[in-house]
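One structure below.
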Amino acid sequence: MAQKPSIPKGTRDFSPVEMARRNYIFDTVKAVFQLYGFQPIETPAMENLSTLMGKYGEEGDKLLFKILNSGDFAAKANDADLADRNSIKLTNQISEKGLRYDLTVPFARFVVQYRNDISFPFKRYQIQPVWRADRPQKGRYREFYQCDVDIVGSDSLLNEFELVQIISDVFTHLRVNTVVKINNRKILAGIAEAIGEADRIVDITVAIDKLDKIGLEKVNEELLEKGVSQDAVDKLQPILKLSGTTDEKLDSIEQVIGATELGKKGIEEVRTFFNYISSVELNTEVELDLTLARGLNYYTGAIFEVKAKDVQIGSICGGGRYDDLTGIFGMPGVSGVGVSFGADRIYDVMTQLELFPEEAVASTKLLFVNFGEKEEAFCLPILRRLREAGVNAEIFPEAAKMKKQMTWADRKNIAWVVMVGEDEMNQGKVNLKNMKTGDQNLVSPEELVRLLAE
RNA sequence: GUGGUUGUAGCUCAGUUGGUUAGAGCGCCGGAUUGUGGUUCCGGAGGUCGCCGGUUCGAACCCGGUCUUCCACCCCA
């Protein structure tokens, strides 16, 4: 029985038009990365499960796609675990590889593995798909592309500043209105410490991150539910209600957390960062958002998130500083900072806003209509010369009906069509038709090449 | 992972309380135009109604399961 062809949930095919648009995004992102001195690397789609597991928290482990071992893996599995139907224990025995979940952890692995060949600070970019066994919904796919830029081996906040400029440049080129939100994990840690709940930092940050989504009351409820004391929640209130300019926010929060070591350091970092920001003109708004807590467990300093102003779709770019990601792979004391552009979400935003330029869909410039063998022989050398001159050109591969060939050219959005029949061959010329205006002219092959090569 | 939602022609969607042969628009193919596309006119093809099972004399319609879509939660690009 012929089954209906389909692809796995949360994955997508890309048509030529979609690819042209996606490449438009990738190309501009790439160009900006290179402008700032970053170099590309690639890593395999699959990594050893041991390098992936435990890096993204408990949730993350569940969202990893695991790859079954080759061969008769079931025979080697432990009988007791098989009988128990213990998925987690069983997984360890039948799977040792997984699809990468992001590009940062594989990059950390890469850095450690090639530490002797890399000169630090190492600035790399990486544009590849990642996979998450999440349930798909709007702007959320199981296979999607990330465009990562990271600097490892430098503590300087100049790197954070460079990243924000990259973000600004990318979205300026793409004509997407964005706001960059900045926070600092050290400030969050300082807050947790100052209110006497230092070890609850994760629960606290996750809860206050939802502030603009569920409101102050629900956040407080959630905090209490998670076991944060009433006293601590009370102390947190002034921080949640902070407003004003960046300087004002920093001044007020300093009064609360300035005494904690981490908090003090965090405030200092954010001040330095904003000094850099104010030293140049940026097209993008940069805002200190103390409720911004998103990000993976491994962030230790700055946290970034970029939102599209005109479309609601979650963040289209995010990142931060991680002080010791390479430590897990046996290389401690190397700090890194980076951001990741979500190409698929950027695509969705740009589609919704109709921001793709028409030229993004590159196509053939000229088509030779095929009239038959003799005419073919006449056209082929001319076609060759056009291509040598750098003109995207092609000939219809068979002598199909004129109407068929014209329709084909029209649908492929080809700008020019050349028709050569007996009359034209006798005169040694070709009939050049402009598909937009409908105008037709007899020109010599030399003229044709000259005209189209411009 | 939890709760909900969606699925009918290539695409967007109609389809009466369950009742003959399941429709439209767009697209596709052919013709008017044997050397001219995008406009117009005429004609044509295309469906196991997501899949499997059940109820019924009878199911696109009711019930169960499953897959898919989208949404909320969780989390995230």
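The structure displayed is predicted, hence computed values, not measured ones. Chain A is the first sequence line, chain B the second, and so forth, proteins listed ahead of strands; every chain is numbered from 1.
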Aromatic A/F144 / basic A/R345 pairing, under 6.0 angstrom, 45° off normal = no
Just how far is it from atom CD of A/E398 to atom CG of A/N370, taken to the nearest 0.5 Å?
-> 8.0 Å
A/L63 CG to B/G1 P: how many Å, rounded?
-> 10 Å
Provide the distance between the two P atoms, one in B/U40 and one in B/U17, to the nearest whole Å.
-> 38 Å
Can the ring centres of A/F341 and A/F33 be said to be less than 6.0 Å apart?
-> yes
Over how many whole Å does the gap from A/D348 atom CG to B/C70 atom P extend?
-> 10 Å
Quote, to the nearest angstrom, the P distance that separates B/C29 from B/U6.
-> 35 Å
Are A/Y125 and A/F38 close enough that their ring centres sit under 6.0 Å apart?
-> no
Sidechain N-carboxylate O distance under 4.0 Å for A/E269, A/K186 = yes
Between A/K123 and A/D150, is there a salt bridge with N-O shorter than 4.0 Å?
-> no
Sticking with atom P, work out how far B/U66 lies from B/C28, rounded to a whole angstrom.
-> 40 Å
Is there a donor in the side chain of A/S168 and an acceptor in the side chain of A/Q165, or the other way round, less than 3.5 Å apart?
-> no
pair A/M419-A/F371: side-chain heavy atoms closer than 4.5 Å = yes
What integer number of Å spans the C1' atoms of B/U8 and B/G46?
-> 14 Å
Spacing of the P atoms in B/G30 and B/U36 (rounded, Å) = 15 Å
In whole angstrom, give the distance that lies between atom CD1 of A/I7 and atom C1' of B/C67.
-> 14 Å
Send over the distance from A/R12 CZ to B/U68 P, rounded to a whole Å.
-> 16 Å
If you look at every strand shown and take non-hydrogen atoms under 4.0 Å, does A/G139 touch a base, only sugar-phosphate, or nothing?
-> base
Roughly how far apart, to the nearest Å, are B/U20 and B/C57 at atom C1'?
-> 15 Å
For the residue pair A/W408 and A/F396, does the interplanar ring angle fall in the parallel (under 30°), tilted (30 to 60°) or perpendicular (over 60°) class?
-> perpendicular
Nearest-Å distance once atom P is located in both B/C63 and B/G38 = 48 Å
Restricting to nitrogen or oxygen on both sides, can you table the protein-nucleotides 41-46 of chain B pairs closer than 3.5 Å?
none

May I ask you to check if A/R22 and A/F14 form a cation-pi contact, with NZ or CZ under 6.0 angstrom from the six-membered ring centre and within 45° of the axis?
-> yes
Specify whether A/Y322 and A/Y298 have parallel, tilted or perpendicular ring planes, treating 30° as the upper limit for parallel and 60° as the lower limit for perpendicular.
-> perpendicular
Pairwise C1' distance, B/U48 and B/A59 [rounded to whole Å] | 14 Å
A/L292 CG to B/C76 P, straight-line distance once rounded to whole Å | 11 Å
Which residues satisfy the side chain to side chain contact (heavy atoms under 4.5 Å, CB included) test with A/D169, sequence neighbours excluded?
-> A/V32, A/L35, A/Y36
Spacing between A/M435 atom CE and B/U39 atom P, to the nearest angstrom = 12 Å
Each nucleotide N or O in nucleotides 72-74 of chain B that has a protein N or O under 3.5 Å away: list the pair and distance.
{"unit_1": "B/A72", "atom_1": "OP2", "unit_2": "A/Q137", "atom_2": "OE1", "d": "2.9"}
{"unit_1": "B/C74", "atom_1": "OP1", "unit_2": "A/K210", "atom_2": "NZ", "d": "2.8"}
{"unit_1": "B/C74", "atom_1": "N4", "unit_2": "A/R140", "atom_2": "NH1", "d": "2.9"}
{"unit_1": "B/C74", "atom_1": "N4", "unit_2": "A/R140", "atom_2": "NH2", "d": "3.3"}

Which nucleotides of nucleotides 29-36 of chain B have their base under 4.0 Å from a protein heavy atom (B), which only their sugar-phosphate (S), and which neither (-), written as one string 5' to 3'?
-> S-S---BB
If the plane angle is over 60° it's perpendicular, under 30° parallel, otherwise tilted; pick one for A/Y347 and A/F356.
-> tilted
Mind checking A/G10 for me? I need base, sugar-phosphate or nothing, with any heavy atom below 4.0 Å counting as a touch.
-> sugar-phosphate
A/L211 vs A/L216 side-chain heavy atoms within contact, under 4.5 Å = yes
Quick one: A/R142 CZ to B/C67 P, roughly how many Å, whole number?
-> 11 Å
Mind checking A/G438 for me? I need base, sugar-phosphate or nothing, with any heavy atom below 4.0 Å counting as a touch.
-> base
Pair assignment for RNA chain B - dot-bracket with | for other-strand partners, Watson-Crick or G-U under 3.5 Å = ((((..(..((((.....[...)))).(((((.......))))).....(((((..]....))))))..))))....
Which residue lies toward the 5' end of RNA chain B, A/I414 or A/V306, if each is placed at its nearest nucleotide?
-> A/I414
Under 4.0 angstrom, heavy atoms only, what part of the nucleic acid is A/Y141 near: base, sugar-phosphate, or nothing?
-> base
Earlier contact from the 5' end, RNA chain B, for A/W408 and A/D344 = A/W408
Side-chain heavy atoms of A/S229 within contact of A/E197, under 4.5 Å | yes
Under 3.5 Å donor-acceptor pair, A/D410 side-chain atoms to B/G37 base atoms = yes
Atom-pair distance (NZ on A/K307; P on B/C76), nearest Å = 13 Å
Residue set satisfying salt bridge (charged side-chain N to carboxylate O under 4.0 Å, His left out) with A/R387, at least two apart, ordered chain then number -> none
